[in-house]
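Order of the sequence lines fixes the chain letters, A, B, ..., with proteins taken first and strands second; residue numbering starts at 1 for each chain. Bear in mind the structure is a predicted one, so any value in this text is a computation, not a measurement.
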2 protein chains.
Amino acid sequence: MVAIGEASRLSGVSIETIRYYEREGIVSKAGRTSSGRRLFTDAEIAELRFIKRCRDLGFSVHDAVALKSIARKPNDACQSVEQLGRKHLTNIQEKIGELRQLESALTELVSNCEQGRKQCPMLHALMSQTDLEIGEAPFSKL
Amino acid sequence: MVAIGEASRLSGVSIETIRYYEREGIVSKAGRTSSGRRLFTDAEIAELRFIKRCRDLGFSVHDAVALKSIARKPNDACQSVEQLGRKHLTNIQEKIGELRQLESALTELVSNCEQGRKQCPMLHALMSQTDLEIGEAPFSKL
DNA sequence: CTTGCTCCTGTAGTCACTACAGGATGCATG
DNA sequence: CATGCATCCTGTAGTGACTACAGGAGCAAG
């Protein structure tokens with residue numbers, strides 16, 4: 001049974017974020033001392049670490065909570081996990097694709113810039129009537 | 001001189017977003033008819049399109065506004081633009097790197113999943129004491 | 001007893017929008 | 001001229017996932 005500072009150190013989740021997770025019902029509520037301070041069991045610290053791992057893999061909090069609840073029912077757990085994981089993997093790959101397009105578009109725009117030029121080709125492209133060869137702004141937040 | 005709906009169509013910026021941009025001082029305030037409806041000049045539509053282009057390239061609104069004001073003063077414009085552009089390009093490349101790490105970590109985790117398995121290896125990794133071989137959650141929002 | 005650390009609640013800010021609610025105006029048709 | 005529908009207005013609240021205080025209380029060591 002440790003206080004919130006130690007729980008934070010052990011789980012890698014910041015104190016403010018732990019309180020936020022509790023408030024939002026993302027993790028279970030920790031017990032309290034008589035004076036109202038939170039006390040964390042090993043299981044609760046593991047829960048925090050689990051969420052942190054999921055977040056570090058880029059899963060949304062929503063998905064992290066889903067994975068946590070899948071982990072508690074043994075039936076078909078692996079299948080559900082794989083489904084969520086593959087969906088997320090697809091999102092990541094799409095995002096990489098989007099960013100690579102941005103990268104190449106921006107590389108080209110910047111490559112024509114030179115110190116002392118009177119007309120900046122990148123500004124010119126940004127101001128032109130014709131469309132650039134890129135899509136809409138990236139939606140996914142990852 | 002066109003109304004907001006037409007300005008939206010011409011610039012690709014949604015009506016709600018145009019009003020938001022005006023409210024926040026991101027673009028200059030449009031004139032109004034006697035009854036209070038906004039009227040947009042060609043220059044104001046070009047301004048909206050400029051911001052949209054920047055956003056589509058992944059620049060923050062802050063940077064987009066900076067680029068817009070750089071575009072108005074001809075001295076060293078190209079140099080300032082290049083600087084912002086290269087900085088942003090670096091961010092994009094870092095982000096791609098982060099996502100590739102996520103991709104490979106997740107690919108490995110998911111690859112061991114099989115339907116009907118009793119112990120899910122991905123859940124096991126998420127719950128283990130030892131650290132995963134990935135960094136912190138991605139910060140940059142792009 | 002005092003100092004300094006940790007902890008508490010509650011609120012506001014971040015970023016860049018999006019989504020209404022509730023009402024006014026403008027235009028075309030009957 | 002009345003009706004109906006599209007378009008417009010303001011203002012507010014919600015999104016995701018936190019972060020950053022303000023203002024106060026508790027605890028342990030010297």
Side-chain angles (χ1 to χ4, degrees), chain A residues 1-27 29-40 44 48 50-68 88 91 95 136-142, chain B residues 1-27 29-40 44 48 50-68 88 91 95 136-142:
Chain A
M1 294 292 242
V2 298
I4 197 170
E6 187 64 7
S8 168
R9 251 160 271 136
L10 291 169
S11 65
V13 179
S14 83
I15 291 177
E16 304 273 18
T17 301
I18 292 175
R19 292 201 272 246
Y20 163 74
Y21 281 174
E22 186 186 289
R23 214 160 50 235
E24 299 295 307
I26 291 158
V27 298
K29 286 195 178 178
R32 301 287 182 126
T33 66
S34 54
S35 67
R37 295 187 172 203
R38 288 175 184 80
L39 280 181
F40 295 79
E44 283 156 354
L48 287 168
F50 183 92
I51 298 289
K52 174 129 211 316
R53 296 261 171 81
C54 294
R55 299 286 300 121
D56 286 347
L57 280 166
F59 283 102
S60 66
V61 165
H62 182 94
D63 281 0
V65 169
L67 285 167
K68 186 159 68 71
H88 181 48
N91 287 343
K95 184 75 195 174
E136 298 269 303
F139 328 100
S140 50
K141 294 133 200 175
L142 278 175
Chain B
M1 295 291 244
V2 298
I4 197 170
E6 186 65 7
S8 169
R9 252 161 270 135
L10 290 169
S11 65
V13 180
S14 84
I15 291 177
E16 304 273 18
T17 301
I18 292 175
R19 291 200 273 246
Y20 164 75
Y21 281 174
E22 185 186 290
R23 214 161 49 236
E24 299 295 306
I26 292 158
V27 298
K29 286 195 179 176
R32 301 289 181 123
T33 67
S34 55
S35 68
R37 295 186 171 204
R38 289 175 185 81
L39 279 181
F40 295 80
E44 282 156 356
L48 287 168
F50 183 92
I51 299 290
K52 175 127 208 321
R53 296 259 171 83
C54 295
R55 298 287 299 121
D56 286 348
L57 280 166
F59 283 101
S60 66
V61 166
H62 183 95
D63 281 358
V65 170
L67 286 167
K68 186 158 68 70
H88 182 49
N91 287 343
K95 185 75 194 173
E136 298 270 302
F139 326 102
S140 49
K141 294 130 201 178
L142 279 176

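- Rounded to an integer number of Å, the gap from I4(B) CD1 to dC9(D) C1' is 9 Å.
- Distance check, rounded to the nearest 0.5 Å: CE of M1(B) to CD of E6(B) gives 14.0 Å.
- No side-chain heavy atom of V27(B) sits under 4.5 Å from any side-chain heavy atom of F50(B).
- For the pair R32(A) and R38(A), the minimum side-chain heavy-atom distance is below 4.5 Å.
- A donor-acceptor distance shorter than 3.5 angstrom exists from the side chain of H88(A) to the backbone of L57(A), with no hydrogens or angles considered.
- Close to dT7(D), at under 4.0 Å from its OP1 or OP2, lies no side-chain N or O of R38(B).
- Summarising the geometry of L39(B) relative to A3(B), their closest heavy-atom pair is CD2-N, 4.4 Å, with the distance given to 0.1 Å.
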Under 3.5 Å, N/O pairs linking protein and nucleotides 27-29 of chain C:
none

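- Looking only at side-chain heavy atoms (C-beta outward), F40(A) and L10(A) stay at 4.5 Å or farther from each other.
- In this structure, the side chains of D63(A) and C54(A) stay at 4.5 Å or more apart for every pair of heavy atoms.
- Taking atom NZ of K52(A) as the reference point, atom P of dA17(D) lies 15 Å away to the nearest angstrom.
- Whole-Å rounding puts the I15(B) CD1 to dA19(C) C1' distance at 13 Å.
- Between F59(A) atom CZ and dG16(D) atom P the separation is 18 Å, expressed in whole Å.
- Between the P atom of dC15(C) and the CZ atom of R55(B) lies a distance of 12 Å, rounded to the nearest Å.
- Position along DNA chain C of the nearest nucleotide to S14(B) versus L39(A) favours L39(A) as the more 5'-ward residue.
- Salt bridge absent: R19(B) and E22(B) never bring a charged side-chain N and a carboxylate O closer than 4.0 Å.
- Separating the CD atom in E44(B) from the OH atom in Y21(B) is a distance of 15.5 Å, to the nearest 0.5 Å.
- In terms of phosphate contacts, R19(A) brings no side-chain nitrogen or oxygen within less than 4.0 Å of OP1 or OP2 of dG10(C).
- Interface residues of residues 20-27 of chain A facing DNA chain D, ordered by number: Y20(A), Y21(A); criterion, heavy-atom separation under 4.0 Å.
- Rounded to whole angstrom, the span from the CD atom of E16(B) across to the P atom of dC9(D) amounts to 10 Å.
- In plain terms, the two heavy atoms of A7(B) and V2(B) that are nearest each other are N-CG2, 3.9 Å.
- Computed from coordinates, the R9(A) CZ to dC7(C) C1' distance equals 12 Å when rounded to whole Å.
- Taking each heavy atom of R55(A) and S60(A) in turn, the nearest pair found is NH1-CA, 3.8 Å.
- A distance of 12.0 Å separates CD1 in I51(A) from OG1 in T17(A), rounded to the nearest 0.5 Å.
- A straight line from NZ of K29(B) to P of dC9(D) spans 13 Å, rounded to a whole angstrom.
- T17(A) has a side-chain polar atom (N or O) that falls below the 4.0 Å cut-off from OP1 or OP2 of dT19(D).
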All N/O contacts under 3.5 Å from nucleotides 23-29 of chain D to the protein, with atom names and distances to one decimal?
unit_1, atom_1, unit_2, atom_2, d
dG26(D), N3, R37(A), NH2, 3.3
dC27(D), OP1, S35(A), OG, 3.2

